[in-house]
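Here's the structure we're looking at; comments come further down.
Basis for what follows: all heavy atoms, side chains included, without hydrogens, waters or symmetry-related copies. Note that ligands are numbered from 1 as they come in the structure, with each ligand's atoms numbered from 1 the same way.
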Amino acid sequence: MRVGVLALQGAFIEHINMLKSLGVEAVEVRLPEQLAGLDGLIIPGGESTTIGKLAVMYGFMEPLRRFAAEKALWGTCAGMIFMAKAIGDGRSQHGQPLLAIMDIVVDRNAFGRQVDSFEADLRVSVFENGQSKPFPAVFIRAPKLVAAKGDARVIAELEDGTAVAAQQGKWLATSFHPELTGDDRFHQYFLQLAGKDG
Ligand code: GLN
């Protein structure tokens, strides 16, 4: 299994390390040609406007959409914003290119300044032990999931009901950074979506 991590900007090294620890060949993707032969791709956290602009500059937009039509794709934090069909906070999207593939609406920097970063235990509906063993999620200037429509469904919420992870077929989106914790269940789940053991 070969999984790529989009390495234009942001926290890509941590994803690479976690994939390697799971015995997967992990590739830093800097050019569209490097998507060839991958079973899945992770778009990391960072700054979604920057990632979007660099993706346009390097000719990634259409290649990424074609890749996603067949393969597993997972966006964490800024990556989730980049995958979303819409930003629903009413602010201008001018200058912020979106892949606009996943049927989710997100709100950037939705937790405000006071709680720039925080950790919260999540119950994740798609994990076998998701109810008994909470997932320790790290949020850094995180977006919220305002809506999951069509085939997209919410798979994790904060205690107050705020949606923070969604799945749509082989696509995954998380508001938080599973690569910054010692818990590799999200990475394992993504590898299942990408076709490991199946
Ligand atoms: N605040 C960033 C954005 O809006 C996302 C932060 C992150 O990826 N940790 O793009």
Side-chain angles (χ1 to χ4, degrees), residues 3-19 26 28-30 40-58 60-61 64 68 73-122 124 135-148 152 154-158 162-167 171-187 189-190:
V3 174
V5 183
L6 191 66
L8 298 175
Q9 189 263 340
F12 52 88
I13 300 288
E14 292 81 356
H15 278 295
I16 295 272
N17 291 340
M18 201 161 238
L19 290 169
E28 290 179 18
V29 174
R30 294 198 165 79
L41 181 79
I42 298 175
I43 304 177
E47 214 288 316
S48 58
T49 307
T50 307
I51 291 174
K53 284 182 176 169
L54 290 171
V56 169
M57 199 182 284
Y58 288 95
F60 262 111
M61 297 302 272
L64 281 175
L73 195 66
W74 173 19
T76 55
C77 205
M80 166 168 113
I81 298 166
F82 188 47
M83 284 173 73
K85 283 212 172 145
I87 297 178
D89 58 2
R91 273 172 267 159
S92 164
Q93 281 176 42
H94 183 72
Q96 170 150 27
L98 299 177
L99 277 182
I101 54 171
M102 203 163 162
D103 273 324
I104 53 171
V105 181
V106 300
D107 184 359
R108 282 183 71 183
N109 303 319
F111 294 95
R113 257 191 221 161
Q114 245 104 25
V115 281
D116 250 6
S117 305
F118 62 100
E119 237 186 280
D121 281 344
L122 301 179
V124 184
F135 187 88
V138 175
F139 293 80
I140 304 168
R141 273 195 264 233
K144 274 180 194 169
L145 256 173
V146 184
V154 173
I155 59 168
E157 292 173 342
L158 292 175
T162 304
V164 290
Q167 182 180 348
W171 302 335
L172 205 55
T174 56
S175 294
F176 46 91
H177 288 262
E179 77 285 7
L180 298 182
T181 54
D183 193 323
D184 57 19
R185 280 178 292 168
F186 264 101
H187 287 76
Y189 186 66
F190 181 67

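Close approach of ligand 1 to Arg141 (heavy-atom distance below 4.0 Å) involves ligand atoms 1 (N), 2 (C), 5 (C), 6 (C). Which parts of ligand 1 touch Ser48 is read off a 4.0 Å heavy-atom cut-off, strictly below it: atoms 3 (C), 4 (O), 10 (O). Here is the list of ligand 1 atoms found below 4.0 Å of a heavy atom in Gly45: 8 (O). Of all atoms in ligand 1, listed by their number and element, those nearer than 4.0 Å to a heavy atom of Ile81 are 3 (C), 4 (O), 10 (O).
Considering only heavy atoms from C-beta on, Leu99 comes within 4.5 Å of Met61 through its side chain.
In the candidate list His177, Gln9, Met80, Gln96, His177 is nearest to atom 9 (N) of ligand 1, counting heavy atoms.
Of the protein's heavy atoms, Gly46 O, 3.4 Å lies nearest to atom 5 (C) of ligand 1. Counting protein heavy atoms only, atom 4 (O) of ligand 1 is closest to Arg108 NE, 2.6 Å. Ranking the protein heavy atoms by distance from atom 1 (N) of ligand 1 puts Asn109 OD1, 2.6 Å first. For atom 7 (C) of ligand 1, the closest non-hydrogen atom on the protein side is Cys77 SG, 2.7 Å.
Applying side-chain contact (heavy atoms from CB on, under 4.5 Å) to Ile87 and the options Val106, Asp107, Val146 leaves one that passes, Val106.
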**OP:** Assess whether ring-ring contact (aromatic ring centres under 6.0 Å, His included) is satisfied between Phe176 and Phe186, documenting all intermediate values.
**Re:** CA-CA 11 Å; Phe176 46 91; Phe186 264 101; 5.5 Å; yes
Subject >> Test side-chain contact (heavy atoms from CB on, under 4.5 Å) applied to Met80 and Ser175, step by step >> reply: CA-CA 7 Å; Met80 166 168 113; Ser175 294; 3.3 Å; yes
**OP:** Starting from the C-alpha separation in whole Å, work towards a yes-or-no answer on side-chain contact (heavy atoms from CB on, under 4.5 Å) for Ile140 and His177.
**Re:** CA-CA 8 Å; Ile140 304 168; His177 288 262; 4.0 Å; yes
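For ligand 1, one of its N or O atoms has an N or O atom of Ala78 under 3.5 Å away.
Below 30°, between 30° and 60°, or above 60°: for Phe139 and Phe118 the angle between ring planes is below 30°, a parallel geometry. Taking the six-membered ring where tryptophan is involved, the planes of His187 and His15 are tilted, since the angle between them lies from 30° to 60°.
By the criterion of a heavy-atom distance under 4.0 Å, neither the backbone nor the side chain of Thr49 is placed next to ligand 1.
Under the 6.0 Å cut-off for aromatic ring centres, Phe60 and Phe82 do not qualify, their centroids lying 6.0 Å or more apart.
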